[in-house]
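Notes follow once the structure below has been shown.
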Amino acid sequence: MASQLNQLQGLLYRLITAPKGAADGLEHEPDLPSGGLSAIVIGDDRLTAVERVDIYAGMYFFRLLDCLREEFPATLKVVGDDHFHNLITDYLLNYPPTEPSIFHAGRYLADLLQSHQLSERWPFLADLARLERTLIEVFHASDAPVLDADALSAIDPEHWASLNLRAVPAHRILDLGWSVADVVRAVENERNWEPPAPRKSSVLVWRRKARTYYREVEPAERSALEMLTGGVSFAELCEQVASASVLEDPIGTISRWLDRWVGDGLLAATEQR
């Protein structure tokens, strides 16, 4: 009985998620029971068995569409409702969901946009979608205790050199070819957006408490943040930044970074090495 139920559930799932509808999906089902779909789903004069399954298929698609509209509001704003609908249709044909959680549904939209026809009109779309998806992923990333200003000021100066600095898990660094952060911010603030410039930039995305933040970072800070991802002592950080950068005042700059990182809640509570 359990095996039959699993087979039935599997069949209905495949038909509901079939890219071209339940009728097309049936053509790829070689092991249908005697009587076909009508033996499982009862039709009537109003709706056939296939039409009934297609209702659920439509609900499935529009639930995913609504989810992705919420996840990619700036991408939606740029291309408009009709283009976005068609984009998600193309996306689900190429990247059908394979995970139980709807959280994973939009994971590959930026990958599709790399070569999608919409990117011929809006060449920054892939970067825009990548930033929006990263905001979602960082929001759901693992939590960790944060190093605050009081804890930092309580550290004995003799121990600063061995102080281990590490970024919280809820952060990412994106290297982009377009300055799309301004587009996301404009849409968030319900302002008119402007097409972004084709400019290489690095964007830091992080979560503090229950809110995600993002900002562009210069190459020197980007390199320092990359060291923080794996953990680095304060002495090693100073040494590497000083030897690898062209900063006029590397120690002063690191001090300002440290103040900002602590204020942003970007550093994890740490131990001495």
ask   = What residue pairs, at least two apart or across chains, pass ring-ring contact (aromatic ring centres under 6.0 Å, His included) with a residue in residues 179-209?
value = W206-Y213

query = Between the main-chain N or O of A197 and the side-chain N or O of S179, is there a donor-acceptor pair closer than 3.5 Å?
reply = yes

query = Is there a donor-acceptor contact under 3.5 Å from the side chain of R172 to the main chain of L204?
reply = no

query = Is there a donor-acceptor pair closer than 3.5 Å between any side-chain N or O of R208 and the backbone N or O of G263?
reply = yes

query = Do V146 and K209 have side-chain heavy atoms sitting under 4.5 Å apart?
reply = no

ask   = Quick one: ring pair (Phe, Tyr, Trp, His ring centres under 6.0 Å) partners of F103, sequence neighbours excluded?
value = H140

inquiry  = Using modelled atom types and a 3.5 Å cut-off, is there a donor and acceptor pairing between side-chain atoms of H171 and backbone atoms of V168?
reply    = yes

ask   = Hey, are the side chains of T253 and W257 touching, using non-hydrogen atoms and a 4.5 Å cut-off?
value = yes

request  = Quick one: pull up CG in D156 and CG in L163 and give me the separation to the nearest 0.5 Å.
outcome  = 11.5 Å

query = Which residue pairs pass the salt bridge (Lys or Arg N to Asp or Glu O under 4.0 Å) test when at least one of the two sits in residues 190-200, sequence neighbours left out?
reply = R199-E216

For residues 109-125, run the donor-acceptor check on the side chains, cut-off 3.5 Å, and write out each pair with its distance to 0.1 Å, sequence neighbours left out.
from : atom 1 : to   : atom 2 : distance (Å)
H116 : ND1    : L118 : N      : 3.1
H116 : NE2    : D90  : OD2    : 2.9
S119 : OG     : L113 : O      : 2.6

request  = Give a yes or no on whether E218 atom CD has more than 12 heavy-atom contacts from other residues, nucleotides or ligands under 6.0 Å away.
outcome  = no

key: Spacing of L165 atom CG and E236 atom CD [to the nearest 0.5 Å]   = 10.0 Å

query = Is there a ring-ring contact (aromatic ring centres under 6.0 Å, His included) between F61 and H85 once you walk through the steps?
reply = CA-CA 10 Å; F61 169 78; H85 179 283; 5.3 Å; yes

message = I want to check something: taking the side chain as every heavy atom from C-beta on, are L152 and L267 in contact at a cut-off of under 4.5 Å?
response = no

key: Interatomic spacing from CG in L68 to CG in L76 - rounded to 0.5 Å   = 10.5 Å

Salt bridge (Lys or Arg N to Asp or Glu O under 4.0 Å) partners of residues 131-147, not counting sequence neighbours, each pair once = E71-R133, R133-E137, D143-R207

key: Over all atoms of both residues, closest heavy-atom pair of V138 and A170   = CG1-O, 3.4 Å

query = Mind checking whether L65 and I136 sit in one hydrophobic cluster, side chains of I, L, V, M, F, W, Y counted as touching below 4.5 Å?
reply = no

request  = Report whether V203 and V180 are members of the same hydrophobic cluster (ILVMFWY, side-chain heavy atoms less than 4.5 Å apart, transitive linking).
outcome  = yes

request  = Please report the closest heavy-atom contact between H159 and I155, naming both atoms and the distance.
outcome  = CB-CG2, 4.3 Å

task = Using atom types as modelled and distance alone, determine if a side-chain donor or acceptor of D127 lies under 3.5 Å from a backbone N or O of L176.
result = no

message = Using a 3.5 Å distance criterion without hydrogens, assess whether the side chain of Y108 forms a donor-acceptor pair with backbone atoms of N94.
response = no

inquiry  = Nearest 0.5 angstrom please: L128 CG to W178 CH2, how far?
reply    = 11.5 Å

key: For the student: nearest non-hydrogen atoms of V262 and L147, plus distance   = CG1-O, 3.7 Å

query = Can you pull the salt bridge (Lys or Arg N to Asp or Glu O under 4.0 Å) pairs that have at least one residue in residues 77-88, sequence neighbours excluded?
reply = R69-D81

inquiry  = Could you check whether atom CG of N189 has more than 12 heavy atoms from other residues, nucleotides or ligands sitting under 6.0 Å from it?
reply    = yes

ask   = Any side-chain heavy-atom pair from Y214 and L174 closer than 4.5 angstrom?
value = no

query = Between CG of L258 and CH2 of W160, what distance do you get to the nearest 0.5 Å?
reply = 5.0 Å

Distance-only side-chain donor-acceptor flag, H104 / T98, under 3.5 Å = no

task = Output yes when a side-chain donor or acceptor of S255 lies under 3.5 Å from a complementary backbone atom of I251, and no otherwise.
result = no

query = Are the side chain of R222 and the backbone N or O of S201 linked by a donor-acceptor pair below 3.5 Å?
reply = no

